[in-house]
Amino acid sequence: MNTLDFSPVITSLTTAVTPAQIITLVASIIAFGIPFVFMWFGMRKVIKIFRSAVMGGRITV
C-alpha cells in the first residue's frame with residue numbers, strides 16, 4: 001500500500017486562504033445567524049403566548 005503525500009495540497013490551501021478571509025467568513029456567518037436566533041426566541045415567545053391564551057382564556061405578554 002502506497003503512502004499518500006498531502007503536502008502539495010496543504011501548501012496550496014495555506015497559500016490560497018488568508019487569515020483575513022477566515023475572519024471575514026466567520027463574521028459573515030455570525031452576522032447572518034444573529035437575526036435567526038432572535039427570530040427563534042421571538043417565535044417561541046409567540047407560541048407561548050398563544051398556548052397560554054388558549055389554555056388560560058386570556059392573553060398576557
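Quick note: residue numbers are just sequence positions, from 1.
- For Ser7, the side-chain hydrogen bond (donor to acceptor under 3.5 Å, both in side chains) partners two or more places apart in sequence, or in a different chain, are Asp5.
- With hydrophobic clusters built from ILVMFWY side chains whose heavy atoms lie under 4.5 angstrom apart, Val17 does not share a cluster with Ile23.
- Two different hydrophobic clusters hold Val46 and Phe38 under the rule that ILVMFWY side chains link at heavy-atom gaps under 4.5 Å.
- The minimum heavy-atom distance linking Thr15 with Ser12 is given by the pair OG1-O, 3.0 Å.
- Sparse packing is recorded around CE of Met55, with 12 or fewer heavy atoms of other residues, nucleotides or ligands lying under 6.0 Å away.
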